[in-house]
Amino acid sequence: MELTGAQILMKVLKEENADTIFGYPGGAVLDIFDELARADINLVFVRHEQGAVHAADGYARASGKVGVCLVTSGPGATNTVTGIASAYMDSIPLVVITGQVPTHLIGNDAFQEVDIVGITRPCTKHNYLVKDVKDLGDVIKEAFYIARSGRPGPVLIDIPKDLAIAKVPYKVKKKVGLKSYKPTYEPNKKQLKKVVELIKKARKPVIFTGGGVIISGAAKNLTEFAHQTRIPVTGSLMGLGGFPGTDPLWLGMLGMHGTYRANMAVSECDLMIAVGVRFDDRVTGKTDEFAANATIIQIDIDPTSIHKNIPVSVPVVGDCNITLGYLNDLIKKENSEDIKKKREKWLGQIEEWKETTPLVYKQKDNIKPQYVIEKLFEITKGKAIITTEVGQNQMWAAQYYHFDKPGHFITSGGLGCMGFGLPAAIGAQKACPDAIVVDIAGDGSIQMNIQEMATAVQYGLPVKVVILNNRFLGMVRQWQELFYDKLYSSTHLDHNPDFVKLAEAYGALGLRATKPEEVEKILAQGMAHNGPVIMDFVVENEENVYPMVPAGAPITQMLLV
Amino acid sequence: MTEEKYTISILVDNQPGVLSRIAGLFSGRGYNIESLCVAETSEAQLSRVTMVTKGTRPVIEQIKKQLNKLINVVKVIDLTGTRYVQRELALIKVNAKPEFRAEILRIVDIFRCKVVDVGPEHYTVEVTGDEEKLNAILGLLKPLGIKEVARTGNIALSRENNH
């Protein structure tokens, strides 16, 4: 059977279970879009290529599948770079397909030509320029395999225009075999025995979870592990939802804007079990003083994450879910009552920290952003899928919305990419049509990809945008207030659009609250609306995120309210 | 922690762009490349990269892991501290005025190297050896006036156990 390159692409996408793709057409992908119009694949036509990648990212996180994008060459391709870099930092499986100028023009500075494989080499897990249509099918299969296996990540495939119409007999390998790429899933059993011995001895242990717990589907095993051993759990921003946020053993988030008790517990613990984390600088603060009294066990599928920022005593290379499964089996053979008894004093200490220094804010006449999130948590019963933009909105979402399940907190953690939340919400809503999907946004960051409101309206995706509108780039302003003598250089947003009218202009519902007593009503009205909504909450304009650890300081040095 | 020199041999897929992935990894993460040598192996689909790099022990460990993480890297062998042979080749174009010619040829003879190009004002000398030998001959020729030097960088292979 002879197929064109475009037909091969459609066929392999179906084989790889990719039924939804996010895309934007252009000259170099005309033939692929032509084929797509006839194929049994849903296309979500976004309004900007960056939006396509963030949407695919949100889709991947909410569905657990590989997110797929399709864009044209040149500017279409370069517009994907921010989205790809964000997915790479957060280990999100994506396949990004870019069109390229015809093979005979490559290297000629042709119209809309750019070396996207060269540009994205440092921010993809792998990438390909396909030069022969005979390789196309195998490359696409390989790309999906690489994207989803091991530590996942984005993979880019650059397809020259002439390949889309070139015909070739359809022949694709059944199974991908790469001798140079074999991720380690199974942990070393000897190391696991050491882990169990350390847990038995520990008086003040802490579990520290990250994005790896969510990606590997380890939430259930992790919860069982923590309950069996009665060890309190903290998490990085990417780890939220990996352990129930309403569980008594949950300490809250760790790091720069972590809770007092999480930062104190980590600083005083004698054993840290780090699962699927990479010890980012936003978590560790000054590395010399991070968990300085602890023996550190690190479980991660990526060997480069181990010993990178923090020296580790017991490294365990393996899949988090598989590893925790083995650990649970080993712990069951031990005297669990004995283990649990040892924890009482430690848990008492943590409870004391929680009572003396909880997460707080002062209620005033103006709406407090934290209050909006607390009410959002109540009204949605903690069941919404929350995406965020980046900055104060993101930190308050992390602190005040308690995530009980994985895949419910979708944020650009590593790259910290403003403009992420709205397209990610669109992708998440596409993956979970029945879920309530809320983008918690700032008035600055929402404007970075606001054009995607048109996408939400066009496809009837009822995403709810909650803008915490403080007329500032709040997090930058907060740093300027605390560390730059209050010189608010370029952070005052005094020319914002009217967000209610903006929503209406897109054909969405626009709502506004200016007083605390209006918050609940507006949230309820927004959630009840069967369509996309922008809710503009005019909040206190110089509210800060606390606790805060100044950059580079030890995490015990917290500025409190 | 002190920085030391490490010799790392890397087997990679013989494909376009692989060298750029390795070079990009080093520049992007701020690692040093002292020398780098790459050519096809006896298997056409594989190339061998021999790299000399400088760093502290933890940095070198991280470099090896990062290299292994690249999809096109098949094997990373750290030769440092093992038994291996290493060679480098240099071409040295040296001023050869009549009064220096005999001296240059004596040095060439002592180092067992070859003159591969001759002109009225120059000799081009081909020398093979380890880094120490190359530095030694360069040191001796320098006072005579070196016009140009081209060096290949180190290549290395581990020794077999039974030798």
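Proteins get letters first, then strands, A, B, ... in listed order; numbering begins at 1 in each. Only heavy atoms go into these numbers, but all of them, side chains included; no hydrogens, no water, no symmetry mates.
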Exercise. Counting heavy atoms not belonging to A:N108, are there more than 12 under 6.0 Å from its CG?
Worked result: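 Result for CG/A:N108: enclosed.
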Exercise. With sequence neighbours excluded, what pairs up with A:F208 under the ring-ring contact (aromatic ring centres under 6.0 Å, His included) test?
Worked result: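 A:F279.
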Step through the atoms of chain A and chain B and list each donor-acceptor pair whose separation is under 3.5 Å.
| from | atom 1 | to | atom 2 | distance (Å) |
| --- | --- | --- | --- | --- |
| A:R121 | NH1 | B:S20 | OG | 2.3 |
| A:N127 | O | B:R21 | NH2 | 3.0 |
| A:N127 | OD1 | B:R21 | NH1 | 3.1 |
| A:N127 | OD1 | B:R21 | NH2 | 2.9 |
| A:S180 | OG | B:I71 | O | 2.5 |
| A:D302 | OD2 | B:K69 | NZ | 2.8 |
| A:P303 | O | B:K65 | NZ | 2.8 |
| A:T304 | O | B:Q62 | NE2 | 3.4 |
| A:T304 | OG1 | B:K69 | NZ | 3.4 |
| A:I306 | O | B:K65 | NZ | 2.7 |

For this session: With a 4.5 angstrom heavy-atom cut-off, could you sort out which part of A:P122 is near chain B: side chain, backbone, both or neither?
Result: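 Contact with chain B: none, neither part.
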For this session: Measure the CD1-CD1 distance between B:I71 and A:I146 for me, rounded to the nearest 0.5 Å.
Result: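 Nearest 0.5 Å value for the CD1-CD1 distance: 4.0 Å.
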